[in-house]
**Q** 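First, the structure itself, so that you have it in front of you.
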Amino acid sequence: MGREINKLHPRLQKIISQLQEECRKENLVLGIGECFRTVAEQDALYAQGRTKSGSIITNAPGSSYSSQHQWGIAFDFYKNVSGHAYDDDAFFQRVGDIGKSLGLGWGGDWSGFVDRTHLYLPDWGSTTARLKEQYGNFENFRSSWEKSGAGTPSDGGTPSVSGSIVVHAGQIHANNFCGAGISADGIRGSRTKKAGIKVLQQALNLDYQAGLSVDGIWGSKSRQALGSHYVRRGERQYLVTAAEILLMLKDYTVNGVESPGIFGSGLEQAVKSYQKAQGLAVDGVAGSATFLSLIG
Ligand SMILES: [Zn+2]
C-alpha cells in the first residue's frame, strides 16, 4: 500500500520533513505508514470484516472518497520499534502535539472514531465533505496543486532544501524505510552515507532474514549477508527498494520508490548510468559490486 510520501500534497510533504526533524531531536523513533490511498486500495480496506476476513477498520468505501488518504492530505505514523509500533500512548500524544504545532490536524482529537496514528492538513476541515463538494474527485484536486504553484520535490518545487532535491527525497525514503532519522537537507554528508548502509542492511534483513543490526556500520557480517545477491529488471524485492533509495542518495533519479520495490525500466536506466559513471560493468543489474559502490 501507499507509503509514497511523494504522492501527497506538496505542503504536507514539507511538513513531514519538519516533523521527522523535530522527532529526531526528541529521540522519537517515527515511522511513516500509509500515505496516499487509491480507490481500489480503499475498497480493499472496506471489504475487510465485510466480504473478507478480519475486523472492520473503516466505514468508507473507495467510491465515497471519504478518507483523507484518498485526497493526499493525510498520513499515518507509528513508533518504528519492532513489536512496539502501537503500544506507547505517550509517543502518539507527543508526535500528535508536534504535528499540531506544525499546522496539522490530529486524528487523536477526533470524537467518536479516534485515530491516534493519523495526521492531516486541516485546511478543508476534519472530514472530506468540503473537498468532495469543491473538487468531486482526487484528480481535480491534484491538478489544483499545480495551478496554485504548490510544486512537488520531483517537479522542481521549492521545498526548504539547501542541497539536491533528489537526495532530499532519498533521505525521506531512507527515514521511512529503516528509521534512519536523518535530516532531509538534500546534502550527502556522513549521516546520509551511514543511512544508506542502514537501508541496505534493512533490505537484507527483509529479503533474506539476515538478522543484521541496522546500525549503518558495514562490517563483515553485512558483507557476508550481501554475498553475491543481486536484483535485476522484473524482480520484486526489498533489495530493489534499497537500490532505488541508494541511487537517490547519490543524486540519481529513479522512477519512484516502492516497498518492496519493483525493478522497472526507469531503475534499470539509472543503474546503467551510475555504473557507467563509476567505471563498473554496465549491465543494469544491481549486484554486489554496484551495491558496495553505492554505499561507499
Ligand atoms: Zn489515517
Side-chain angles (χ1 to χ4, degrees), residues 1-20 22-23 28-50 52 54-81 84-132 135 137-139 141-142 145 152 172-173 175-177 179 257-259:
M1 291 262 240
R3 291 199 173 187
E4 290 164 88
I5 288 177
N6 59 19
K7 288 196 177 160
L8 296 174
H9 191 286
R11 192 152 45 79
L12 184 55
Q13 294 187 38
K14 281 192 212 178
I15 296 176
I16 290 175
S17 311
Q18 292 166 347
L19 180 69
Q20 287 171 321
E22 292 307 313
C23 287
L28 296 163
V29 199
L30 181 70
I32 303 293
E34 207 157 302
C35 295
F36 178 72
R37 209 180 273 160
T38 63
V39 171
E41 286 168 339
Q42 182 68 26
D43 276 333
L45 289 179
Y46 184 71
Q48 190 178 319
R50 293 186 173 90
K52 284 195 281 184
S55 49
I56 287 182
I57 50 168
T58 178
N59 290 321
S63 58
S64 72
Y65 281 101
S66 296
S67 166
Q68 291 176 327
H69 290 279
Q70 294 181 270
W71 294 89
I73 60 161
F75 67 95
D76 296 330
F77 66 91
Y78 58 94
K79 188 175 176 181
N80 202 354
V81 173
H84 298 279
Y86 297 107
D87 61 9
D88 182 348
D89 280 347
F91 172 86
F92 286 94
Q93 183 68 52
R94 182 64 195 138
V95 176
D97 284 341
I98 297 172
K100 286 195 278 181
S101 75
L102 296 170
L104 296 177
W106 182 43
D109 290 333
W110 288 343
S111 53
F113 181 73
V114 176
D115 187 353
R116 297 165 67 81
T117 71
H118 184 97
L119 284 163
Y120 63 96
L121 283 178
D123 309 45
W124 303 271
S126 62
T127 72
T128 60
R130 216 196 303 170
L131 285 166
K132 276 190 267 191
Y135 298 98
N137 61 41
F138 172 70
E139 283 66 33
F141 181 51
R142 172 82 179 74
W145 302 354
T152 64
I172 293 174
H173 282 296
N175 286 343
N176 292 333
F177 184 60
V257 174
E258 323 81 28
S259 189

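Whatever order the structure lists ligands and atoms in, that order sets their numbers, starting from 1.
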**Q** List for me each residue that meets side-chain hydrogen bond (donor to acceptor under 3.5 Å, both in side chains) alongside Asp76, sequence neighbours excluded, and say none if there are none.
**A**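 Asp76 satisfies side-chain hydrogen bond (donor to acceptor under 3.5 Å, both in side chains) with His69, His118 once adjacent residues are dropped.
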**Q** Set out, in order, the CA-CA distance, both residues' side-chain angles and the distance that settles ring pair (Phe, Tyr, Trp, His ring centres under 6.0 Å) for Trp124 and Phe141, then state yes or no.
**A** CA-CA 12 Å; Trp124 303 271; Phe141 181 51; 5.2 Å; yes
**Q** Is Glu4 salt-bridged to Lys7, cutoff N-O under 4.0 Å?
**A**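 Salt bridge flag = yes for Lys7 with Glu4.
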**Q** Check for me: within less than 2.8 Å of the Zn ion (ligand 1), which protein N/O/S atoms show up?
**A** His69 NE2, Asp76 OD1, His118 ND1
**Q** For Ser66 and Lys132, does a side-chain donor sit closer than 3.5 Å to a side-chain acceptor?
**A** yes
**Q** Run the side-chain hydrogen bond (donor to acceptor under 3.5 Å, both in side chains) test against Thr128 and tell me which residues pass, sequence neighbours left out.
**A** none
**Q** Go through the structure and list residues passing side chain to side chain contact (heavy atoms under 4.5 Å, CB included) with Lys100, not counting sequence neighbours.
**A**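 Side chain to side chain contact (heavy atoms under 4.5 Å, CB included) check on Lys100 returns Asp97, Trp106, Asp109.
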